[in-house]
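Everything on this sheet refers to the single structure shown next.
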Amino acid sequence: MNNKQILEIAMKQSAIDSSCHWQDFKEMENKVVISQKKENARKYLELPFICDLTSYGNNIVASVCEELEEIVTEYINKYAFEHCFETPDLHDLMNRIRPKGYDVCFMAEYSLPDVDVLLEGGLAQRLQKSCPYEMRLLESEDFHELYTDQWGNALCEKRKELDVIAAGAYDKNKLIGLAGASADCESMWQIGIDVLPEYRRRGVAAALTSKLAVEILDRGIVPFYCCAWSNIASIRNAVASGFRPAWVQITVKKLEEIEEFLK
């Protein structure tokens, strides 16, 4: 797969998730669609959306419930699309949907591998050679004892059935870093990474992330990487591992659901 094909696969998956056409993300005008539940959507998504804003850097595709269609249409066409994802403009949307029992909940940035750098440029190979620790590939049957807080980004205990493969770094026989892949949908697997605090800043995270990305690509699947755009350490790791920002997303939830997250 080349970078163009990888981006197209991501857009097509986002189109399934957002109930739109994948080329809608390439248009210069914003698009509002009514969200629907889709069988092939990313498995952790709760569909239909109340309101979800997605941008690949050209426009906004808003996938919404009928109740918020008018409000969201006015909002995304009032401000420059990139400012719709940040304050102070975002407060305009939040102030209008809170009386209806909703608010902004999730804000994330997603990255895709740059195979020209990762593979053709030899980055993955260089990162693995420079890592001072042994690295091993792990399969799902190796995960049983790894569902602990320290590996909570690499593996997800609530969705064990989606954890398919991982790359571990070992200091002798001690696991000191773990990158895990979650089969969130048929065409794309999400990478999460954890490194023990005392082993950070030694190139472990980038070596594991790039190794796992190459393994996923070899299986004909697109790896993707997600983090909050305020998580500078995670963003730096994505870039160091050969990933580049691809799309951003904001998701609205019911106020009572948000309260549960805060407990």
Side-chain angles (χ1 to χ4, degrees), residues 1-14 16-18 25 41-45 52 54-57 85 106-121 123-128 131 135 137-138 151-156 159 162-169 177-195 200-201 203-251:
M1 286 183 286
N2 58 37
N3 288 336
K4 182 179 179 181
Q5 291 169 327
I6 286 172
L7 180 61
E8 184 173 314
I9 288 170
M11 286 183 172
K12 287 181 176 179
Q13 184 58 50
S14 290
I16 294 171
D17 301 338
S18 296
F25 298 109
R42 280 178 284 161
K43 294 179 172 62
Y44 58 86
L45 296 179
D52 185 89
T54 300
S55 177
Y56 276 81
F85 292 84
F106 300 125
M107 305 169 69
E109 177 181 291
Y110 295 82
S111 297
L112 293 171
D114 182 343
V115 295
D116 293 340
V117 173
L118 186 67
L119 300 178
E120 301 300 327
L123 176 63
Q125 189 175 26
R126 291 196 302 273
L127 288 171
Q128 291 169 43
C131 182
M135 289 187 289
L137 282 175
L138 307 175
W151 310 121
N153 290 313
L155 301 174
C156 180
R159 296 190 294 269
L162 301 183
D163 293 331
V164 287
I165 192 171
L178 185 68
S182 172
D184 292 345
C185 54
E186 291 183 5
S187 60
M188 302 179 71
W189 291 359
Q190 182 172 187
I191 293 178
I193 178 73
D194 290 291
V195 177
R200 292 172 186 169
R201 301 183 183 275
V204 176
L208 288 174
T209 302
S210 62
K211 181 177 179 63
L212 189 58
V214 171
E215 182 66 26
I216 294 169
L217 286 165
D218 285 345
R219 299 184 182 206
I221 306 293
V222 172
F224 70 101
Y225 189 107
C226 174
C227 66
W229 44 66
S230 58
N231 192 340
I232 300 301
S234 190
I235 292 171
R236 285 175 175 166
N237 177 59
V239 173
S241 304
F243 282 75
R244 301 293 180 263
W247 78 98
V248 292
Q249 204 162 359
I250 281 180
T251 305

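The model shown is predicted, which means the values in this text are computed figures rather than measured ones. Values below: every heavy atom of this structure, side chains too, minus hydrogens, waters and symmetry copies.
Within the 4.5 Å cutoff, no side-chain heavy atoms of S241 are placed close to those of Y225. Residues R42 and L162 fail the side-chain proximity criterion, which asks for heavy atoms closer than 4.5 Å. In this structure, the side chains of L7 and N3 stay at 4.5 Å or more apart for every pair of heavy atoms. Side-chain contact between F243 and P223 is present, with heavy atoms from C-beta onward closer than 4.5 Å. In this structure, the side chains of V239 and R244 come closer than 4.5 Å at one or more pairs of heavy atoms. Looking at P113 and I6, their side chains come closer than 4.5 Å, going by heavy atoms from C-beta outward. Put simply, the side chain of M1 does not reach to within 4.5 Å of the side chain of V115, judged on heavy atoms. The side-chain heavy atoms of R159 and K43, taken from C-beta on, include no pair separated by under 4.5 Å.
A pairwise comparison of heavy atoms in A108 and W229 identifies O-CZ3, 3.3 Å as the closest pair. Heavy atoms only, all atoms of each residue included: A181 and W189 are closest at CB-CE3, 4.2 Å. In plain terms, the two heavy atoms of Q190 and C226 that are nearest each other are OE1-CB, 3.2 Å. Considering all non-hydrogen atoms of both residues, N237 and A206 come closest at OD1-N, 3.1 Å. Summarising the geometry of M188 relative to W247, their closest heavy-atom pair is CE-CH2, 4.0 Å, with the distance given to 0.1 Å. Nearest heavy atom pair, residue A10 against residue Y56, reads O-OH, 3.1 Å.
Q5 places a side-chain N or O within donor-acceptor distance of the main-chain N or O of N2, the cut-off being under 3.5 Å. Between the D184 side chain and the Y44 main chain, no donor and acceptor come within less than 3.5 Å of each other. D194 places a side-chain N or O within 3.5 Å of a backbone atom of N153 that can act as its donor or acceptor partner.
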Could you please spell out the steps behind the side-chain contact (heavy atoms from CB on, under 4.5 Å) verdict for D52 and D17? CA-CA 10 Å; D52 185 89; D17 301 338; over 6 Å; no
For K211 and E215: C-alpha separation, side-chain torsions, deciding distance, then whether salt bridge (Lys or Arg N to Asp or Glu O under 4.0 Å) applies. CA-CA 6 Å; K211 181 177 179 63; E215 182 66 26; over 6 Å; no
Derivation of the side-chain contact (heavy atoms from CB on, under 4.5 Å) call for F106 and Q249: CA-CA 8 Å; F106 300 125; Q249 204 162 359; over 6 Å; no
Evaluate the side-chain contact (heavy atoms from CB on, under 4.5 Å) criterion for residues L118 and S210: first the C-alpha distance (whole Å), next the side-chain angles of each, then the deciding distance (0.1 Å), finally the verdict. CA-CA 7 Å; L118 186 67; S210 62; 3.8 Å; yes
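Taking the six-membered ring where the residue is Trp, F224 and Y110 present tilted rings, their angle falling between 30° and 60°.
Here the CD1-SG distance, from I193 to C227, works out to 12.5 Å after rounding to the nearest 0.5 Å. If you take CG on L178 and CG on L208, they are separated by 7.5 Å, rounding to the nearest 0.5 Å. Taken to the nearest 0.5 Å, the CD atom of Q13 stands 9.5 Å off from the OG atom of S18. The line from CG of L45 to OG1 of T251 is 7.5 Å long, rounded to the nearest 0.5 Å. Taking CG from L138 and CE from M135, the interatomic distance works out to 12.0 Å, rounded to the nearest 0.5 Å.
Summarising the local packing, CZ of R236 is surrounded by 12 or fewer heavy atoms from other residues, nucleotides or ligands at distances under 6.0 Å.
A salt bridge links E8 and K12; the closest N-O separation between the charged side-chain nitrogens and carboxylate oxygens is under 4.0 Å.
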